[in-house]
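Any value given below was found using the heavy atoms of this structure, including those in side chains, with hydrogens, waters and symmetry copies removed.
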Amino acid sequence: MSDARSKKRPTKIKTQAARPAGARHADAALIPGSSVHASLANEIGLRIVRGDYPPGTILPNEAKWSETFNVSRSAVREAIKMLMAKSLLASRPKIGSWVEPKERWNLLDRDVLAWYATSPDRELFLRTVQEFRHIIEPEASAFAAIRHSDEQMAEISQACREMGAAATLPERTRADTRFHLAILRASGNDLLVPLGVLIESALDHLFVFVTLQTSDQRRAQALHEAIEKNIRLRRPAAARNAVHRLLANTDDVIGRSRR
């Protein structure tokens with residue numbers, strides 16, 4: 001697809017970045033169940049998002065990637081196409097592939113979110129996810145209180161109970177994520193459902209962090225139970241306020257982690 005950008009050379013292209021210290025050579029681990037090119041895209045994408053290759057950097061060519069990871073050039077080409085589809089890269093003959101400005105990245109892509117979550121700037125990631133939650137979740141909970149079906153309410157309640165009964169961090173995190181995604185589904189807004197699924201990875205990372213930082217799990221559980229109760233009793237204003245209290249508690253946890 002051609003546009004104004006594809007017709008002209010990028011204006012702020014930097015020289016090719018040196019391979020980061022410790023970069024793997026010819027042994028990039030395959031992600032279980034993934035193809036070679038998908039695993040390669042994951043490795044390159046992670047390096048881009050964490051800042052090894054800043055925006056404007058021209059990446060190594062096919063031959064160099066092929067040598068570095070001991071893969072075929074066709075696998076490299078497919079990996080680059082995947083990253084272009086996520087708007088991390090642009091490419092042009094005789095120039096090569098370069099890293100696009102961050103504002104063009106598709107941050108709602110599952111893979112990009114996962115890479116973003118593991119980038120060095122953890123604080124920025126957490127604040128970004130929290131801002132999204134402040135914008136979406138209070139009103140979604142109020143709508144869920146008005147619109148939920150019996151089946152949807154059962155899903156919310158079950159996830160809440162499983163949070164309280166969880167014996168391990170992964171179990172609690174999965175239940176926590178299911179709880180919030182179930183509320184988005186119960187809101188009855190078709191646009192919120194795919195949006196919630198897309199940020200599932202971001203929520204997982206956030207909840208792991210918050211759970212590790214929180215010593216008072218009973219308070220966290222009580223805040224979730226208040227949301228569940230008010231949705232179940234169809235109290236939209238109370239459900240909205242309960243979400244605000246939960247988000248304020250999470251904001252406080254993130255704030256304490258910076259001190």
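Separating the CG atom in Leu246 from the CG atom in Asn241 is a distance of 12.5 Å, to the nearest 0.5 Å. Between the CZ atom in Arg47 and the CG atom in Asn42 there is a gap of 11.0 Å [rounded to 0.5 Å]. Note: Leu89 CG to Lys81 NZ = 13.5 Å, rounded to the nearest 0.5 Å.
At distances below 3.5 Å, at least one donor-acceptor pair connects side-chain atoms of Gln217 with backbone N or O atoms of Thr211. Judged purely by atom type and a 3.5 angstrom limit, Trp105 has no side-chain atom pairing as donor or acceptor with the backbone of Lys86. Judged by distance alone, the side chain of Trp65 and the main-chain N or O of Pro60 form a donor-acceptor pair under 3.5 Å. The backbone N or O of Phe179 lies less than 3.5 Å from no partner atom in the side chain of Gln158, so there is not a single donor-acceptor pair. A donor-acceptor pair under 3.5 Å is absent between the side-chain atoms of Glu43 and the main chain of Leu40, judged by distance alone. Using a distance-only test at 3.5 Å, with no hydrogens or angles considered, a donor-acceptor pair links the side chain of Ser66 to the main chain of Val71.
The closest side-chain donor-acceptor pair between Ser157 and Glu228 falls under 3.5 angstrom.
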Under the side-chain contact (heavy atoms from CB on, under 4.5 Å) criterion, do His37 and Ile80 qualify, and how do the steps go?
CA-CA 9 Å; His37 69 265; Ile80 296 300; over 6 Å; no
Does the pair Arg240 and Asn230 meet the rule for a side-chain contact (heavy atoms from CB on, under 4.5 Å), with working shown?
CA-CA 9 Å; Arg240 182 187 297 112; Asn230 285 300; over 6 Å; no
Could you go step by step and tell me if Arg50 and Asp52 meet the salt bridge (Lys or Arg N to Asp or Glu O under 4.0 Å) rule?
CA-CA 6 Å; Arg50 75 186 181 194; Asp52 293 352; 2.6 Å; yes
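Considering every non-hydrogen atom in both Phe207 and His180, the closest pair reads CZ-CD2, 3.5 Å. What you find for Arg245 and Leu223 is that their closest heavy atoms are CB-CD2, 4.1 Å. Taking all atoms of both residues into account, the shortest heavy-atom contact from Cys160 to Gln221 is O-NE2, 3.0 Å. The two residues Ala186 and Arg147 come nearest to each other via the heavy atoms O-CB, 3.9 Å. The minimum heavy-atom distance between Ala239 and Ser141, with the atom names listed, is CB-O, 3.9 Å.
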Compile the donor-acceptor pairs under 3.5 Å between side chains in residues 190-197 and protein atoms, sequence neighbours left out, one pair per line.
none

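A salt bridge is absent between Arg178 and Glu155; no separation between the charged side-chain nitrogens and carboxylate oxygens falls under 4.0 Å.
The aromatic ring centroids of His148 and Phe143 lie 6.0 Å or more from each other.
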